[in-house]
Number of protein chains: 2
Amino acid sequence: MPDYTPPAPKSERILNAAEELFALHGFDGVTLRRIATAAEVDVALLNYHFGVKKKLFEAVFLRRAEILNEARLNALLEAKAGSGGQPSLEQIVSAFLRPIQHFQLTGDQGWRNYLALVAWVNSSSVWGEEMMHKSFDPLVSRFIEALKKNMPDADPQRVYWAYQFLSGALTLTLAQTGRIDRLSDGLCRESNLETAYDLMIPFVVAGFRKLCLEQFESGT
Amino acid sequence: MPDYTPPAPKSERILNAAEELFALHGFDGVTLRRIATAAEVDVALLNYHFGVKKKLFEAVFLRRAEILNEARLNALLEAKAGSGGQPSLEQIVSAFLRPIQHFQLTGDQGWRNYLALVAWVNSSSVWGEEMMHKSFDPLVSRFIEALKKNMPDADPQRVYWAYQFLSGALTLTLAQTGRIDRLSDGLCRESNLETAYDLMIPFVVAGFRKLCLEQFESGT
DNA sequence: TGATGAATTCAACAGATGTTGAAAATTATC
DNA sequence: GATAATTTTCAACATCTGTTGAATTCATCA
């Protein structure tokens, strides 16, 4: 007796439509009717499956968070395993960023929408704090621990601040605002994610080194 | 005959209230009635002074943009003047960031609200591009030119990408999400802007160096 | 087939939204 | 101090908002 239960088909269409629209316009910029229209579904179905609007938003936000967390945790564990428990700074930062790049590069447009949504939430002062904290901070704390262990003499405050700058650089890349395309007059393409992450990692690693390893120097 | 015209008092109250509420909740998260209530003004007055809602938003956004641009340009010119036309990387980055810190630290809460609003716009994919481009990119381009001149052998693409990471780190700091406070369990305070900028500058400078000056090295 | 429960649609609600035109109040001009 | 212009309020509009309960369709299984 296979207890295979096919997922309610329309509820997934709702989640996908909501994901894209919330990513583009934020929570208040999207109406339930617009989501319903995009999903080719009646409005009442949204309440039936997900309850009130905020619950729908949370359902969208949580759907891929666990997958992302697991991928990042695995990357961190692999970095530790492959280095005898002493991963380098590059390895830690790469384990944090490369899984995101991986999901952005899968053909699935849903992942790009979702990550843009994460960027929106992370930049949103009112909405953001609680959702980001509950969904991602447990994992982030594990990376912070790895960073502290890698740089045991670093002032912990500097580790947190450096992480904040890393988080900001990443967030703007996820947001897909297209600004670098215009600023550079087409020379750089925000959609060129290989370049983005290939450069983001050494940029961030150099910043960590400067703040956390050369903290007692007073260089020019 | 002094042609002194005192600014319409209530229109400024509207701008201030709108500034704060838009910064907190974004464009769609704020209703005209809420702004009117906060400004202790009738709703119709918003349309009388600023036209439709989007025009009010633009008026809020543009009000302080020129002041900010002028301060940053002056800082860049001073850095050039004080260095015989060859400002260092630190000087360029500082000229870009320190004026913002300055405005955040004036007692005026309005500036903090405004800069949080800039962060919101910069992270907003639909809204952001046009407004940021028109308001800030002309000035940003001058900084990019200074950076290219400082590092003439650097691949221009890398300069733009490094700027993108700088912009992201700055944006998250402006957004005032309070996330670093919770992540660090109170060890770091996002409101501690001196520390934020004292660390952001060397972090970013180290990243620029790595990407634009050591671009041909293949170090671990 | 017919009964049961889940999924989906229909129709509608009470309230909120952006916007507007006319009236009232305030300020400036002569 | 009367007149004109500007500013502010009042009252209301059509439309849209999130949400709900009843009706309908669909799938499951005895």
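Because the structure is predicted, anything quoted here is derived from the model rather than measured.
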Enquirer: Using whole Å, report how far CD1 of Ile14(B) lies from P of dG18(C).
Expert: 14 Å

Enquirer: Is any side-chain N of the basic residue among Glu190(B) and Arg182(B) closer than 4.0 Å to the acidic one's carboxylate O?
Expert: no

Enquirer: Atom NZ of Lys55(A) and atom C1' of dT19(D): how far apart are they, to the nearest Å?
Expert: 16 Å

Enquirer: Quick check for you: among dT9(C), dG18(C), dT9(D), whose closest atom lies nearest to any side-chain atom of Ala44(A)?
Expert: dT9(C)

Enquirer: Count the heavy atoms belonging to other residues, nucleotides or ligands that lie under 6.0 Å from NZ of Lys148(A), then report whether that count exceeds 12.
Expert: yes

Enquirer: Taking NZ, NE, NH1 and NH2 as the nitrogens, is one of them in Glu194(A) or Arg189(A) under 4.0 Å from a carboxylate oxygen of the other?
Expert: no

Enquirer: Measure the distance from CG on Leu46(A) to P on dT9(C) and round it to the nearest whole Å.
Expert: 11 Å

Enquirer: Atom CZ of Phe50(B) and atom P of dT7(D): how far apart are they, to the nearest Å?
Expert: 11 Å

Enquirer: Counting only side-chain nitrogens and oxygens, does Lys10(A) get under 4.0 Å of the OP1 or OP2 atom of dT9(C)?
Expert: yes

Enquirer: dT19(C) C1' sits how many Å from Asn47(B) CG, rounded?
Expert: 5 Å

Enquirer: CG of Leu56(B) versus P of dT17(C): gap in Å, rounded?
Expert: 15 Å

Enquirer: Which part of the nucleic acid, if any, lies within contact of Val52(B), taking any heavy atom under 4.0 Å across all strands shown: a base, the sugar-phosphate backbone alone, or nothing?
Expert: sugar-phosphate

Enquirer: Are Val41(B) and Leu46(B) side-chain neighbours, meaning at least one heavy-atom pair lies under 4.5 Å?
Expert: yes

Enquirer: Please determine whether a side-chain nitrogen or oxygen atom of Tyr48(A) lies at a distance below 4.0 Å from atom OP1 or OP2 of dA7(C).
Expert: yes

Enquirer: Between Asp42(B) (CG) and dA22(C) (P), how many Å, whole number?
Expert: 17 Å

Enquirer: Given that Glu40(A) and Arg33(A) both sit by DNA chain C, which one's nearest nucleotide is further toward the 5' end?
Expert: Glu40(A)

Enquirer: In whole angstrom, what separates Leu45(A)'s CG from dT19(D)'s C1'?
Expert: 14 Å

Enquirer: Between dT17(D), dT9(D), dT17(C), spot the one nearest the side chain of Thr31(A), thanks.
Expert: dT17(D)

Enquirer: Check whether any side-chain N or O of His49(B) sits under 4.0 Å from OP1 or OP2 of dT6(D), and answer yes or no.
Expert: no

Enquirer: Less than 4.5 Å apart, any side-chain heavy atom of Asp137(A) and any of Arg179(B)?
Expert: yes

